[in-house]
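Reading through the structure tokens given below for one structure.
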Amino acid sequence: MDKIQYKKLTDYEISREMFNGFIRRQVVTKCWRKENDEWVIKDDPFIDDWDEKDYDILIGCLKNTVYKNGLVYAALCEGRIRGFVSVESAIFGGEYKYMDLTSIHVSENMRNRGIGSALFKKAKEWAKSRGAEHLYISAHSAVESQAFYKRMGCVEATIYCKKHVEEEPYDCQLECKL
């Protein structure tokens with residue numbers, strides 16, 4: 001198995017080259033959907049992947065997260081990103097004291113090695129150390145993605161972030177107590 005190193009990234013380090021060899025690809029067959037206030041599993045086959053425009057947007061977002069004192073933490077192999085998590089620095093949601101976990105991804109060829117769990121744990125530690133009480137996650141609705149979040153202790157968010165619901169209406173809105 002390749003040696004994985006974990007590191008907090010600076011905005012100067014985040015580049016397209018760091019993502020060389022990163023495989024976003026996720027073959028989705030079933031997704032969670034909320035119908036009549038009940039969660040059900042529906043067939044919704046598609047392949048989720050990124051093109052160059054998606055990488056450009058992602059890199060801009062990650063650099064902005066760092067610039068605004070958020071966290072971008074990566075699993076690296078031979079200097080290349082094989083997994084990453086980002087958390088925004090602002091606390092929102094009143095008494096719930098949410099911090100927004102805006103992304104967590106592991107390259108397809110590196111999944112099921114504990115990388116996602118390690119990244120999620122770091123995100124929790126970082127947010128808690130800055131006064132948050134919960135992580136907020138607008139999460140992919142794929143059955144496999146939701147199983148990961150459940151293993152990490154996530155539950156349906158007490159209050160929904162309207163911005164996330166509008167941007168990704170099929171995402172599951174989750175929270176994780178810190």
Side-chain angles (χ1 to χ4, degrees), residues 4 6-11 13-14 18-19 22 24 26 28 31-32 34 39 48 50 54-55 57-76 81-108 110-178:
I4 300 296
Y6 292 91
K7 180 181 179 189
K8 181 178 177 181
L9 298 181
T10 66
D11 58 341
E13 292 174 295
I14 300 167
M18 282 196 82
F19 283 94
F22 188 91
R24 165 61 184 101
Q26 182 177 1
V28 177
C31 292
W32 285 98
K34 197 165 193 179
W39 286 101
D48 207 347
W50 292 334
D54 294 322
Y55 277 105
I57 293 167
L58 171 68
I59 290 163
C61 289
L62 294 176
K63 285 178 175 266
N64 188 57
T65 296
V66 172
Y67 178 74
K68 291 185 173 181
N69 300 312
L71 174 70
V72 176
Y73 191 74
L76 304 170
I81 293 174
R82 296 297 174 248
F84 66 96
V85 65
S86 61
V87 182
E88 305 307 313
S89 62
I91 294 177
F92 68 97
E95 67 185 276
Y96 296 100
K97 293 189 177 178
Y98 290 127
M99 267 192 182
D100 202 355
L101 187 151
T102 45
S103 59
I104 183 167
H105 296 282
V106 175
S107 183
E108 182 182 45
M110 301 296 283
R111 293 179 188 146
N112 300 309
R113 297 185 187 189
I115 294 170
S117 297
L119 294 169
F120 197 88
K121 180 180 178 188
K122 181 64 175 182
K124 287 174 64 173
E125 291 169 358
W126 185 87
K128 185 174 183 175
S129 75
R130 281 151 183 80
E133 293 183 8
H134 298 86
L135 282 177
Y136 186 96
I137 307 109
S138 182
H140 199 293
S141 61
V143 168
E144 298 83 3
S145 297
Q146 288 301 304
F148 166 79
Y149 288 115
K150 186 173 183 178
R151 284 193 310 274
M152 296 298 104
C154 297
V155 297
E156 186 174 358
T158 305
I159 57 171
Y160 280 19
C161 175
K162 182 179 178 186
K163 175 181 169 260
H164 284 308
V165 173
E166 289 172 353
E167 288 175 359
E168 293 289 347
Y170 291 113
D171 273 7
C172 297
Q173 306 303 310
L174 305 175
E175 68 181 43
C176 184
K177 188 160 180 58
L178 304 178

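On a predicted model such as this, the values are computed, not experimentally measured, just so you know.
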### Task
Give the C-alpha distance, both sets of side-chain angles, the deciding distance and a yes or no for side chain to side chain contact (heavy atoms under 4.5 Å, CB included) between Val155 and Leu174.
CA-CA 5 Å; Val155 297; Leu174 305 175; over 6 Å; no
### Task
For the pair Tyr96 and Tyr136, evaluate ring-ring contact (aromatic ring centres under 6.0 Å, His included) and give the outcome as yes or no after the intermediate values.
CA-CA 10 Å; Tyr96 296 100; Tyr136 186 96; over 10 Å; no
### Trp50 and Phe84 aromatic ring geometry - parallel, tilted or perpendicular at 30°/60° bounds
tilted
### Query
Does OH belonging to Tyr160 count more than 12 external heavy atoms closer than 6.0 Å?
yes
### Interatomic spacing from CG in Leu135 to OH in Tyr149 - rounded to 0.5 Å
10.5 Å
### Task
Check Cys176 against Phe120 and note the closest heavy-atom contact, atom names and distance.
SG-CE2, 3.9 Å
### Message
To the nearest 0.5 Å, what is the distance between OG on Ser86 and CH2 on Trp126?
### Response
10.0 Å
### Query
From Ser138 OG over to Asp100 CG, what is the distance, rounded to the nearest 0.5 angstrom?
8.0 Å
### Query
At what distance, to the nearest 0.5 angstrom, does CD1 of Ile115 lie from CE of Met110?
4.0 Å
### Task
If the plane angle is over 60° it's perpendicular, under 30° parallel, otherwise tilted; pick one for Tyr73 and Tyr6.
parallel
### Heavy-atom neighbours of Lys63 NZ exceed 12 at 6.0 Å
yes
### Query
Nearest 0.5 Å, what's the CD-CD distance between Glu95 and Glu133?
9.0 Å
### Query
Which heavy atom in Ala123 sits nearest to a heavy atom in Val87, and how many Å separate them?
CB-CG2, 3.6 Å
### Task
Assess whether side chain to side chain donor-acceptor pair (under 3.5 Å) is satisfied between Thr65 and Glu88, documenting all intermediate values.
CA-CA 6 Å; Thr65 296; Glu88 305 307 313; 2.7 Å; yes
### Task
Walk me through it: do His164 and Asp171 pass the test side chain to side chain donor-acceptor pair (under 3.5 Å)?
CA-CA 8 Å; His164 284 308; Asp171 273 7; over 6 Å; no
### Summary
Rounding to 0.5 Å, atoms CZ (Phe22) and OG (Ser107) come to a distance of 5.0 Å
### Lys34, NZ atom: more than 12 neighbouring heavy atoms under 6.0 Å
yes
### Query
What is the minimum heavy-atom distance between Cys31 and Val143, and which atoms define it?
N-CG2, 4.1 Å
### Task
Determine yes or no for a side-chain-to-main-chain donor-acceptor pair under 3.5 angstrom, with Glu175 supplying the side chain and Thr158 the backbone.
yes
### Query
Are any side-chain N or O atoms of Glu156 and backbone N or O atoms of Gln173, one a donor and one an acceptor, separated by less than 3.5 Å?
no
